[in-house]
Amino acid sequence: MEENKVPLIQNISRNGSEKLVAEFNYEEEEHDMKKKVWIESKKLWHVVGPSIFNRVAIYSINIITLAFAGHLGEVELAAFSIANTVIVGFNFGLLLGMASALETLCGQAFGNKRYHMLGIYMQRSWIVLFMCCFLLLPFYIFATPILKLIGQPDDVAEQSGLVAWCLIPLHFSFAFQFPIQRFLQSQLKTGILVWVSLGVLIINVLMSWLVVQKFEMGLVGIAITLDISWWLMFLGMFVYVTCGGCPETWSGFSIQAFSGLWEFLKLSAASGVMLCLENWYYRILILMTGELENATIAVDALSICQTINGWEMMIPMAFFAATGVRVANELGAGNGKGARFATIVSVIQSTIIGIIFCVLVIIFRNKLAIIFSSSIDVLKAVDDMAYLLAITILLNSVQPVLSGVAVGSGWQSKVAYINIACYYIIGLPLGVLMGWVFHTGVEGIWAGMIFGGTALQTIILVIITARCDWQEEARKATMHVQKWSHPPAIEQS
């Protein structure tokens with residue numbers, strides 16, 4: 001009897017030990033996972049935090065400048081608003097998208113430890129975007145006839161044309177500022193963005209007050225203030241880069257920047273099309289709403305909703321930039337699993353923030369418009385649109401992050417085709433069908449464009465990302481870095 005107890009005791013002891021080992025391994029894995037998430041979150045927010053501040057500062061500079069223009073008169077306010085949002089906004093979206101090609105190239109090169117190539121890529125981007133600025137100049141030079149053609153009053157169109165001429169220096173600043181921002185973000189040197197943005201914001205307020213209140217320079221003075229502010233922002237970052245802030249990635253100007261420009265232009269163009277199609281989509285929504293009967297209240301309410309959405313979009317757009325950097329860094333280093341993990345962490349965190357804002361919009365839906373309007377009709381219209389705004393915010397917490405994955409992976413051309421199909425072949429016609437054929441007004445147009453465009457695009461990007469072979473993408477990224485680091489023109493020389 002005693003002999004039979006020994007195996008039983010041994011068996012119990014062995015099972016207990018295995019259970020303890022299993023529990024210990026589970027706790028260790030859970031601890032390791034928490035540690036990995038924490039490390040990845042720190043890397044992510046190293047870009048997200050400064051990027052949010054930088055975007056808020058730029059947005060504030062535009063709002064402050066617009067506010068000073070409003071003190072000059074109604075025509076001046078309308079003229080500056082149209083010149084800044086229509087003429088500059090069109091070119092801004094395209095050039096910003098083209099510069100995002102650097103998030104792919106610089107991010108992957110930095111991950112691959114080919115640090116010297118980051119400065120060369122940035123110089124190539126400067127050259128390509130500078131040439132494109134000349135191609136886009138007619139929008140500024142012929143702004144007055146263009147605006148008259150689309151139905152703007154003569155006095156507003158003429159004043160807007162004057163402002164557009166004065167904003168040509170601002171236009172050329174985009175060609176240099178956008179690339180240098182992405183150059184710094186790709187190597188996680190983002191603190192300088194905060195300090196430069198803060199300094200320029202303060203200077204802009206002082207200059208705007210001086211040109212309006214003291215020197216009475218009118219619209220021309222305000223436009224010049226905006227020009228100076230944007231160039232100061234670039235110069236602040238340029239001085240940091242060239243005076244020792246990036247010793248590994250900046251070794252001075254190089255003749256290599258003029259090689260491989262055609263391939264660089266193609267990637268930049270794909271990036272530009274990808275992002276500007278998204279940027280223009282909801283601008284078209286406002287134009288479509290303006291064609292409805294009795295559209296004044298609808299346009300006012302929709303503009304308020306889009307303003308709120310624009311403010312909140314700074315957060316997911318910061319995640320867009322950070323995700324592009326993190327995915328590109330990991331793929332360039334040949335770490336496909338790291339890129340996948342960075343994607344998951346970014347999507348989850350951005351979605352959580354999106355859910356919070358979505359809930360806040362629903363809770364305070366009847367109070368959203370109070371800071372913008374005192375009209376009861378407008379307040380009610382915004383209340384009616386609040387659920388669509390909440391859905392848009394939720395979708396926009398996911399979609400930009402997945403677009404960031406596309407940029408970090410170099411899928412710009414593929415996503416450009418997806419955007420064309422979702423937004424302009426499906427989304428816009430569905431919005432027209434809902435708004436005009438079924439007579440559902442602005443809510444129908446917006447709902448059609450959300451579900452036909454943004455939601456469908458998000459679903460497709462989720463599927464593509466979920467089915468991605470990350471190790472294969474890492475292999476491709478390594479090959480691309482080698483190819484771009486040694487273009488044929490350089491090898492022959």
Side-chain angles (χ1 to χ4, degrees), residues 27-57 100 102-115 118 180-198 237 240-241 245-249 312-357 396-409 465 468 470 473-474 477:
E27 290 176 359
E28 188 177 14
E29 289 176 6
E30 186 179 19
H31 175 73
D32 289 344
M33 180 56 68
K34 288 180 180 178
K35 185 178 179 181
K36 285 176 63 179
V37 170
W38 174 248
I39 293 172
E40 179 58 41
S41 297
K42 285 199 297 184
K43 292 179 180 178
L44 191 68
W45 279 90
H46 195 74
V47 179
V48 171
S51 182
I52 291 174
F53 186 91
N54 177 254
R55 291 172 187 276
V56 169
S100 73
L102 278 187
E103 293 179 15
T104 305
L105 298 172
C106 285
Q108 292 182 358
F110 187 77
N112 201 255
K113 301 188 186 304
R114 295 178 184 264
Y115 301 127
L118 271 73
I180 202 170
Q181 280 183 342
R182 275 131 196 87
F183 167 81
L184 290 166
Q185 286 177 349
S186 297
Q187 49 193 306
L188 305 181
K189 292 184 179 291
T190 51
I192 185 64
L193 299 179
V194 174
W195 292 111
V196 169
S197 300
L198 179 60
M237 290 182 280
Y240 172 80
V241 169
C246 303
E248 292 182 317
T249 55
E312 196 279 335
M313 268 292 287
M314 294 176 190
I315 298 174
M317 288 306 294
F319 273 95
F320 163 84
T323 306
V325 169
R326 288 295 305 126
V327 169
N329 286 168
E330 295 297 339
L331 290 179
N335 184 10
K337 290 182 178 178
R340 177 178 178 273
F341 186 72
T343 299
I344 293 171
V345 172
S346 186
V347 168
I348 290 173
Q349 292 189 8
S350 181
T351 303
I352 290 171
I353 295 172
I355 290 171
I356 292 171
F357 278 98
N396 284 340
S397 67
V398 180
Q399 182 269 333
V401 180
L402 298 177
S403 293
V405 175
V407 167
S409 305
T465 305
C468 175
W470 289 103
E473 291 299 325

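Computed from a predicted structure; not experimentally measured. What's counted below: heavy atoms across the whole structure, side chains too, no hydrogens, waters or symmetry copies.
Distance CZ/R55 to OG/S197: 11.0 Å, rounded to 0.5 Å. The distance from the CD1 atom of I356 to the OG1 atom of T351 is 11.0 Å, given to the nearest 0.5 Å. Distance CG/N112 to CG/N329: 11.0 Å, rounded to 0.5 Å. Atom CG of L188 and atom NE2 of H46 lie 5.0 Å apart (nearest 0.5 Å).
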Practice prompt. Could you walk me through whether Q185 and L193 pass side chain to side chain contact (heavy atoms under 4.5 Å, CB included), step by step?
Written response: CA-CA 9 Å; Q185 286 177 349; L193 299 179; 3.9 Å; yes
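When each of I315, L402, V407 is paired with F320, the side chain to side chain contact (heavy atoms under 4.5 Å, CB included) condition holds for V407 and for no other. Evaluated for a side chain to side chain contact (heavy atoms under 4.5 Å, CB included) with W38, the options K42, K35, K34 yield exactly one hit, K42.
Looking only at atom types and distance, the side chain of R182 has no donor-acceptor partner in the side chain of S186 under 3.5 Å away. Counted by atom type alone, N54 and Q181 present one or more donor-acceptor pairs between their side chains at under 3.5 Å. Between the side chains of S409 and E473, not a single donor N or O lies within less than 3.5 Å of an accepting N or O.
Distance alone, capped at 3.5 Å, is enough to place a donor-acceptor pair between the T323 side chain and the F319 backbone. Remark: the backbone N or O of V47 is not paired with any side-chain donor or acceptor of T190 at under 3.5 angstrom. The main-chain N or O of S346 is never found under 3.5 Å from a side-chain atom of S350 such that the two would form a donor-acceptor pair.
No side-chain heavy atom of F110 sits under 4.5 Å from any side-chain heavy atom of V325. With a 4.5 Å cut-off on side-chain heavy atoms, V345 and S41 count as touching. By the 4.5 Å heavy-atom criterion applied to side chains, I344 and I348 are counted as neighbours. The shortest distance between side-chain heavy atoms of L184 and C246 falls below 4.5 Å. Between M237 and F183 the shortest side-chain heavy-atom distance does not fall below 4.5 Å. Contact annotation: the side chain of E40 approaches that of R326 to within less than 4.5 Å [non-hydrogen atoms, C-beta and beyond].
R340 CZ: 12 or fewer foreign heavy atoms inside a 6.0 Å radius.
Pairing each heavy atom of I52 with each of M314, the nearest pair is CG1-O, 4.0 Å. Between S51 and A321 the shortest heavy-atom distance is OG-CB, 4.3 Å. Nearest approach of L331 to A339, heavy atoms of both residues: CD2-CB, 3.7 Å. Here the closest non-hydrogen pair linking V48 and A322 is CG2-CB, 3.4 Å. Of all the heavy atoms in P400 and M313, the pair that sits closest is CG-CE, 4.3 Å. Minimum heavy-atom separation, F341 to K36: CE2-O, 3.6 Å.
By the side-chain contact (heavy atoms from CB on, under 4.5 Å) test, A328 pairs with Q108, sequence neighbours left out. With sequence neighbours excluded, no residue forms a ring-ring contact (aromatic ring centres under 6.0 Å, His included) with W470.
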